[in-house]
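What follows is a set of notes on a single structure, which appears directly below.
Proteins come first, then strands; the chains are lettered A, B, ... in the order of their sequence lines, and each starts at number 1.
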Amino acid sequence: MPDVRDGLRDGLQAALAGAGVVPAPAEIALERPRDLSHGEWSSNVALTAAKAARRPPRQLAEEIVAHLSAEPPPHVVAVEAAGPGFVNFRLAPSWLHAVLAEVVAAGAEGYARNETGAGRSVSVEFVSANPTGPLHAGHGRWAAYGDSLCRLLERCGYRVTREFYVNDRGRQIDLFADSLAARRRGDEPPEDGYHGAYVAEWAAEMPGGADARQWGLERARRDQTDTLVAMNVAFDLYTSETDLVARGAMGEALHELDSRGMVYEHDGAVWLRTGEFGDSADRVLVKSDSEPTYFLPDIAYHHEKFSRGELVIDVLGADHHGYVPRMRAALAALGHSAESYEALIGQNVTLRRGGVEVRLSKRAGNMVLVSELLDEVGPDVTRLVYLLQSIDTTQTIDIDVVSAQSAENPVYYLQYAHARIHSLSRQAAARGVRRYPLADVDLSVLVHERELDVLRALAGLPDTVLAATRARAPHQVTAWARELAAAFHRFWHDCPILHDDVGDELRQARLWLVEATRVGLAVALTILGVSAPERL
RNA sequence: GCCCUCGUAGCUCAGUGGAUAGAGCAUCGGUCUCCUAAACCGUGUGCGCAGGUUCGAUUCCUGCCGGGGGCACCA
């Protein structure tokens with residue numbers, strides 16, 4: 001599919017050759033200036049190649065411009081040297097009409113798809129909440145983020161396995177079972193046990209004579225899975241720590257580390273030389289009471305994941321970041337390359353209700369559950385709210401704002417754009433207006449700035465998808481969708497479609513513009529895992 | 001004390017090695033005989049501080065200050 005940039009690059013290449021820049025720059029960068037007065041596209045080659053060309057950047061830029069003006073690339077109406085040495089391209093609207101046709105031809109399934117990850121597999125682990133309770137609002141962030149990241153990777157051609165690790169053995173599970181059993185008897189849970197209200201509720205459900213441990217695990221798992229399903233998050237693989245140990249994976253990992261000379265005994269415990277691989281200290285794999293630490297099965301699990309992904313990604317909360325160096329070290333000790341393991345650390349979520357911040361705590365009763373958010377605002381708003389901002393910032397979700405049906409709620413802006421598109425379809429059908437085949441429509445009548453702005457936004461989606469994937473930042477897609485919605489709302493305001501005084505040609509072209517917008521929105525919403533209502 | 005992370009407008013947040021740093025909310029004021037006004041238009045003395053790298057730094061590096069998180073033979 002021809003990209004305008006291909007033509008511009010070819011032109012620049014030829015111009016550079018014509019200007020006698022001998023070792024042509026390996027890469028010619030083209031960017032969209034934030035200020036349209038600098039043209040539709042701009043290149044800084046003259047700045048980067050100035051040294052090699054042995055002349056001032058501005059002068060080189062002017063030579064390039066001279067060459068390009070003599071033989072302008074497709075769609076180009078003017079080339080200018082500007083600022084310290086930028087080469088700016090002014091384009092005819094025809095380049096955007098080509099974008100419209102491309103969007104429509106590719107459709108929601110194909111537009112903004114790329115092959116950068118083709119043939120590569122990646123394992124992404126996220127959420128992995130302990131099976132000792134429901135998912136809280138913090139888990140919800142990783143569910144939304146992890147799943148959308150996977151959708152981005154898939155759109156870039158990667159084969160993705162969504163993984164959830166279940167820590168279903170060890171001390172926390174014992175405490176949870178003890179807490180359940182205590183509540184069942186009508187006693188208080190142990191001091192360091194689980195005190196959340198859900199424990200008492202679940203204990204009341206528990207049949208007499210049930211094994212608190214087994215029953216509790218299943219109850220918690222079911223609760224978590226229900227929530228994930230409601231959030232439109234589907235995992236490909238759940239790995240139980242108990243199963244992992246039972247099938248010997250832990251022993252194998254230990255053996256492999258040992259055979260590589262990475263393990264030693266000290267004070268009756270078995271240690272891993274993580275300190276030699278960038279961790280701040282060596283870590284215990286098997287305690288002096290012969291019980292493995294949580295770390296050993298975790299290593300075994302991560303080791304296994306490489307059979308499913310050449311690239312292994314963990315999505316972790318900031319409270320687990322201290323764990324990354326030791327896992328990185330353990331994987332290095334097993335011979336995995338540093339680039340093949342990626343730990344993405346996200347900051348915590350805080351909730352505000354009635355102007356008061358609600359601290360998330362596992363043991364206290366003030367925990368806000370994902371299921372509560374889902375009940376209050378529904379899955380679409382929940383996911384979109386999580387994906388509104390970067391995981392690098394601590395997120396404060398104001399439940400009052402998010403649950404309000406008002407302009408303060410950023411979610412409605414997007415949904416309203418979507419609803420308007422469908423409203424138009426209904427109106428058109430009611431008036432007997434139908435869309436002609438695109439081939440029969442003259443798009444060159446689309447010259448209104450509002451129309452062109454929508455198309456400019458649509459033109460940027462493939463780059464946004466690529467950049468968001470590389471940055472592991474699904475929120476960039478949300479930001480893009482808001483931009484598209486804004487452009488669309490402005491277009492809607494200024495450009496009538498079905499009104500009687502709109503000519504047939506223009507009406508048809510605008511109908512297709514709306515269709516392209518629908519496609520663009522659909523792509524973004526699919527990546528975000530959100531569906532939008534057809535009417536508000 | 002050590003490590004990680006963040007610090008951008010009154011508030012919540014985008015953003016980027018480039019040319020005049022953007023949205024939403026809030027404030028104030030405008031726009032429906034017209035496809036949904038949950039929209040649109042106007043209204044803005046901001047990149048924590050100090051060095052460094054660079055033709056160019058809000059962006060990269062170092063230090064400092066401030067917020068959050070983490071430093072177990074717990075998970």
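The glycosidic torsion of B:C32 lies within 90° of 0, which places this base in the syn conformation.
Judged purely by atom type and a 3.5 angstrom limit, A:Asp398 uses its side chain to pair as donor or acceptor with the backbone of A:Asp400. A donor-acceptor pair under 3.5 Å is formed between the side chain of A:His195 and the backbone N or O of A:Pro190. Formation of a donor-acceptor pair under 3.5 Å by the A:Asp267 side chain with backbone atoms of A:Ala269 is not found in this model. Within the 3.5 Å criterion, the main-chain N or O of A:Gly268 finds no donor-acceptor partner in the side chain of A:Ser288.
Among the atoms of the strands shown, none is found under 4.0 Å from any heavy atom of A:Asp279. Counting any heavy atom pair closer than 4.0 Å across all strands shown, A:His489 reaches sugar-phosphate atoms only and no base atom. Here A:Asn167 lies in heavy-atom contact (under 4.0 Å) with sugar-phosphate atoms only. Contact annotation for A:Arg431: backbone-only contact, meaning every heavy-atom pair under 4.0 Å involves sugar-phosphate atoms and none involves a base. Among the protein residues, A:Ser288 comes within range of the nucleic acid bases, having at least one heavy atom under 4.0 Å from a base atom. When heavy atoms are screened at a 4.0 angstrom cut-off, A:Pro57 is found touching no nucleic acid atom at all. Nucleic acid contact class of A:Thr394 (heavy atoms, under 4.0 Å, all strands): sugar-phosphate only.
At least one side-chain nitrogen or oxygen of A:Arg34 sits closer than 4.0 Å to the OP1 or OP2 atom of B:A19. A close approach under 4.0 Å does occur between a side-chain nitrogen or oxygen of A:Arg450 and OP1 or OP2 of B:C41. A:Gln347 has no side-chain polar atom (N or O) that falls below the 4.0 Å cut-off from OP1 or OP2 of B:C6. Neither OP1 nor OP2 of B:U5 sits under 4.0 Å from any side-chain N or O of A:Ser390. Contact annotation: A:Arg326 does not reach the phosphate of B:C71 (side-chain N/O to OP1 or OP2, under 4.0 Å).
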Annotated protein contacts, base or backbone, on nucleotides 28-33 of chain B with a non-hydrogen cut-off under 4.0 Å, one of B, S, - each: ------

Intra- and interstrand pairs of RNA chain B - dot-bracket, Watson-Crick/G-U under 3.5 Å, | marks other strand: (((((((..((((....[...))))..((((.......)))).....(((((..]....))))))))))))....

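Distance noted for atom P between B:U33 and B:G17: 47 Å (whole Å).
For A:Phe126 and A:Phe164, the gap between ring centers reaches or exceeds 6.0 Å.
Comparing A:Asp392 and A:Tyr413 by the nucleotide of RNA chain B that holds the closest heavy atom to each, the one mapping nearer the 5' end is A:Asp392. For the pair A:Leu498 and A:Ser280, both in contact range of RNA chain B, the more 5′-proximal nearest nucleotide belongs to A:Leu498.
Contacts between residues 465-486 of chain A and RNA chain B, counted as heavy-atom distances below 4.0 Å, involve A:His475, A:Gln476, A:Ala479.
Looking at every heavy atom in both residues, A:Ile391 comes nearest to A:Ile345 through CD1-O, 3.7 Å.
For A:Tyr412 and B:A38, a side-chain-to-base donor-acceptor distance below 3.5 Å is absent, hydrogens and geometry of angles not being considered.
A heavy-atom distance below 4.5 Å is found between the side chains of A:Arg510 and A:Pro496.
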